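A note on names: the letters A, B, ... follow the listed sequences, proteins ahead of strands, and every chain is numbered from 1. All values reported here derive from a predicted model rather than from experimental measurement.
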Amino acid sequence: MALQIYNTLTKQKEEFKPVDPEKVKIYSCGPTVYDYFHIGNARAFVVPDILKRYLEYKGYNVFHVMNFTDIDDKMIKRANKEGVSIKELADRFIDAYFEDTKKLNIKEADVYPRATDYIEDIIKLLKRLEEEGYAYEVDGDIFFEVKKFADYGKLSNQNLEELASGARIEVNEQKKDPLDFVLWKRSKEGEPAWDSPWGPGRPGWHTECSVMSRHYLGDKFDFHTGGIDLAFPHHENEIAQSEAVNGEQVINYWVHNGYVNVDGEKMSKSLGNFFTTRDILKDYSPDVVRFFLISNHYRSPINFSDVELNDAKKSLRRLRNTVARIHKLIPDNKVEIDAGNQKEVEAIERAIDDKRVKFEEAMDDDLNTALAIASLHELAKKINIFVNDSEFEINKATVMVLEKAYNTFEELGSILGIELRPELKEEGNKLIPPLIELLLEIREEAREEQNWDLADKIRDELKELGITIKDRPQGTEWEIE
RNA sequence: GGUGGCAUAGCCAAGUUGGUAAGGCAGAGGACUGCAAAUCCUUUAUCCCCCGGUUCGAGUCCGGGUGCCACCUCCA
């Protein structure tokens, strides 16, 4: 099966056909590095990560570019406020970006170009646009003349009259048309500036993506990703710039993710209802946050709330429990016992194959991670029932099928970027485990003497310290957190 | 005003080309337990916002409503 992906440009799901089968090229709009990114931004980083992982699973080589916007109004404002240079500000939040995305298990892109490293190329692009009549200069500012680009509006499905009638943009007397957008801004007092044929200034927002994507990915490439709010005007303008000089379509598939909402409304900095990923990670583990982000379809809005985070946490825990259970059942040494009931083993083996197929079909259908996760839950249930059976025993056949299940969970989980295998916990302090064991021994003696007060006191107080006691038929287990 | 999207059980949510409602959370019942916790199993929508239509058959297509969200300004 081939991947079907929804293309904002055509407003329908399309079969993915790479420009170059040897290398799939993806460009993602990255962060403006003036602050920590919020959970809504995080979604825009996780979505291309899932796309990339799934393409790699299907055998493609992927080349992924993500930009850092390190010059714009917000950067200038923030740098001035903090009394640092733009460069210092950018460096700081780029470092933070890598720290946080690493926790979220987001694979690194192949390159992370910064806008300020491409000023010369941007100027070249603008000169060309000017030469070919798409851009005009007014007093040191350069504007793109939207009317000159016939296809303007094709991504967001707007025509110029309708855009103009609903426009809330402030009327700039210098523009020929209110819809024209700025390509180059003349510098004002105290603002960073680069020399250009039109005098000192800085690039407009949309130019960098046209220039940097072309630099790394060429005239024609596969995917461009970003949040749906970027479709207009950012991506629309990017298309106008790129195609005006290129003459034909540059990007085949536009992939836009939905928002993260708060109380049903879009999370945004201006509304002030945002939560930085960094803060959320203080309360929830990164894999839970990631699992939350992929537990709905990527184009649907998702609501950010403690209830939903906790649902995600429990849902993930359920999968992990089963995988850990399988892990414990598989013996370290080779099993010599011959198989007993072959029939049930075969049924499980079939179920593993079926659920993998279901998982792939879900991912093929526009990266339906919600459905893919459901197939993992279904498999987990089958395995639980299988090993719960009183007839279940460890033998060659059952070990083989458990290993297959274990590897399947590991592999499919890694497509989602979720580690399902039990962690090989490295305890901070080597003294802690033996101390807990000691307490448990004392508790066990108390229980034998039916001294429930003491036994429960140990259990309850360990619980207060974050250590959970589980009395299993095989003995007592414990777990930190 | 234009454009895009959404409306499915208490909550979150998937529903491929129409064929008789995935999965998770919570709840209920059960297994396990000294009691718990944790875990596992079972169970939970005569019905998919409303009205009309096409069809042997519609959550799924068509027409008309209602409600919500988003974009058209920086925004992932």
Side-chain angles (χ1 to χ4, degrees), chain A residues 4 8 11 13 28-32 37-48 72-74 77 153 156-159 161-170 179 205 225-234 236 256-261 264-271 274 291-292 295-297 299-303 305 307-319 321-322 324-325 358 361-362 364-366 368-378 380-381 383-385 387-389 447-448 450-452 455-456 459-460 463 468-473 477-479:
Chain A
Q4 302 279 125
T8 309
K11 279 120 204 118
K13 286 183 203 170
S28 298
C29 279
T32 302
F37 63 84
H38 62 60
I39 186 72
N41 303 119
R43 194 178 193 197
F45 308 146
V46 168
V47 167
D72 82 330
D73 291 349
K74 294 191 292 283
K77 212 169 151 186
S156 52
N157 208 26
Q158 304 274 355
N159 66 48
E161 295 78 58
E162 281 152 1
L163 272 174
S165 69
R168 286 179 280 162
I169 41 183
E170 58 188 278
L179 291 175
W205 178 31
T225 75
I228 188 64
D229 48 354
L230 294 187
F232 191 92
H234 181 53
E236 195 72 70
H256 291 110
N257 60 274
Y259 299 120
V260 176
N261 290 158
E265 288 189 323
K266 177 186 173 183
M267 181 184 294
S268 73
K269 301 242 163 154
S270 51
L271 282 170
F274 65 93
F291 198 74
F292 159 73
S295 57
N296 291 10
H297 186 88
R299 284 190 284 122
S300 307
I302 53 175
N303 208 43
S305 71
V307 171
E308 301 215 26
L309 259 314
N310 281 318
D311 280 1
K313 184 177 178 177
K314 288 172 188 165
S315 173
L316 175 58
R317 189 164 65 200
R318 191 174 171 78
L319 290 176
N321 283 335
T322 299
R325 197 171 175 195
K358 185 176 173 185
E361 284 174 351
D364 276 335
D365 186 12
D366 199 25
N368 193 336
T369 48
L371 195 59
I373 289 169
S375 74
L376 295 180
H377 274 113
E378 286 163 10
K381 181 155 287 186
I383 303 282
N384 283 329
I385 293 169
V387 300
N388 276 352
D389 196 302
R447 291 176 78 203
E448 275 164 26
Q450 303 198 349
N451 184 350
W452 308 126
D456 291 350
R459 181 174 70 196
D460 295 342
K463 179 80 189 169
T468 307
I469 302 302
K470 303 172 193 174
D471 293 327
R472 294 285 183 88
E477 293 173 12
W478 57 274
E479 194 178 71

Taking the same atom, C1', in B:A14 and in B:A9, what whole-Å distance lies between them?
14 Å

Interatomic distance, A:K314 NZ vs B:A26 P [rounded to whole Å]
4 Å

Fit a plane to each ring of A:F37 and A:F45, take the angle between them on a 0 to 90° scale, and name the class: parallel (under 30°), tilted (30 to 60°) or perpendicular (over 60°).
perpendicular

Grab the N/O contacts between the protein and nucleotides 28-33 of chain B below 3.5 Å, and write none if there aren't any.
none

According to a cutoff of under 5.5 Å between the ring centres and under 30° between the ring planes, does A:F37 stack with the base of B:A76?
no

Partner of B:C71 under the Watson-Crick or G-U wobble criteria, both distances under 3.5 Å, comes out as B:G2

Residue list, side chain to side chain contact (heavy atoms under 4.5 Å, CB included) with A:D364, at least two apart or on another chain:
A:M1, A:L3, A:Y54, A:K58

Of all the heavy-atom pairs spanning A:C29 and A:L230, show the shortest one and how long it is.
CB-CD1, 3.7 Å

Would you indicate whether A:K313, at its atom NZ, is surrounded by more than 12 heavy atoms from other residues, nucleotides or ligands within a distance under 6.0 Å?
no

What's the gap between B:A58 and B:U20 when it is taken at their P atoms, as a whole Å value?
12 Å

C1' atom, B:C6 versus B:C49: distance in rounded Å?
12 Å

Describe the nucleic acid contact of A:Q4 in one word from base, sugar-phosphate, nothing, applying a heavy-atom distance below 4.0 Å.
nothing

Salt bridge (charged side-chain N to carboxylate O under 4.0 Å, His left out) partners of A:R325, counting only residues at least two apart
none

Mind listing the closest non-hydrogen atom pair of A:F291 and A:A312 along with its distance?
CD2-O, 3.5 Å

If you check the A:A374 side chain, which of B:A26, B:G24, B:A22 turns out closest?
B:A22

For A:E236 and A:G153, which heavy atoms make the closest approach, and how far apart are they?
OE2-N, 3.0 Å

Return the nucleotide paired to B:U54: Watson-Crick means purine N1 to pyrimidine N3 with N6-O4 or O6-N4, wobble means G-U with N1-O2 and O6-N3, both under 3.5 Å.
none

Would A:D460 and A:K463 pass as an ion pair if we require N to O under 4.0 Å?
no

Nearest heavy atoms of A:T322 and A:N384, plus distance in Å:
OG1-ND2, 3.1 Å

Contact state string [nucleotides 40-45 of chain B, B base, S sugar-phosphate only, - no protein heavy atom under 4.0 Å]
SSS---

Compare all side-chain heavy atoms of A:Q4 with those of A:D366 and state whether any distance is below 4.5 angstrom.
no

Rounded to the nearest angstrom, tell me the gap between atom CG in A:N257 and atom P in B:A76.
11 Å

Would you kindly compare A:S268 and A:N261 by the position of their nearest RNA chain B nucleotide and give the one closer to the 5′ end?
A:N261

Pairing partner of B:U17 (Watson-Crick or G-U wobble, both distances under 3.5 Å):
none

Take atom P in B:G29 and the same atom in B:A37, then report the distance between them in whole Å.
13 Å

Given the P atoms of B:U60 and B:A70, what is the spacing between them in whole Å?
26 Å

Identify the heavy atoms of A:I228 and A:Y259 that sit nearest to each other, and give their distance.
CG2-CZ, 3.6 Å

Would you say A:N157 places a side-chain N or O within less than 4.0 Å of OP1 or OP2 belonging to B:U3?
no

Need one value for A:V387: base, sugar-phosphate or nothing, where a base atom within 4.0 Å counts as base even if backbone is also close, heavy atoms only.
nothing

How far, in whole Å, is B:G52 from B:G57 if one measures between their P atoms?
16 Å

A:I228 has an atom CD1; how far is it from atom P of B:U3, in whole Å?
16 Å

For the student: nearest non-hydrogen atoms of A:L271 and A:K266, plus distance
CD1-O, 3.4 Å

With both distances kept under 3.5 Å, what pairs with B:A28, Watson-Crick or G-U wobble?
B:U42

Contacts of A:N257 meeting side chain to side chain contact (heavy atoms under 4.5 Å, CB included) (sequence neighbours excluded), chain-then-number -> A:R43, A:A44, A:V47, A:Y298

Using atom P of each nucleotide, how far apart are B:G59 and B:A22 to the nearest Å?
14 Å

Contact string for nucleotides 5-15 of chain B, one letter per nucleotide 5' to 3', B = base within protein heavy-atom range under 4.0 Å, S = sugar-phosphate only, - = neither, reads -------SSSS

Expressed as a whole number of Å, how far does the C1' atom of B:C25 sit from that of B:G64?
37 Å

Checking only heavy atoms, does the side chain of A:R459 share a donor-acceptor pair with the base of B:A36 at less than 3.5 Å?
yes

Does B:U66 have a Watson-Crick or wobble partner in any strand here, with both distances under 3.5 angstrom, and which is it?
B:A7

Between A:W452 and A:D229, the residue closer to the 5' end of RNA chain B by nearest nucleotide is A:W452

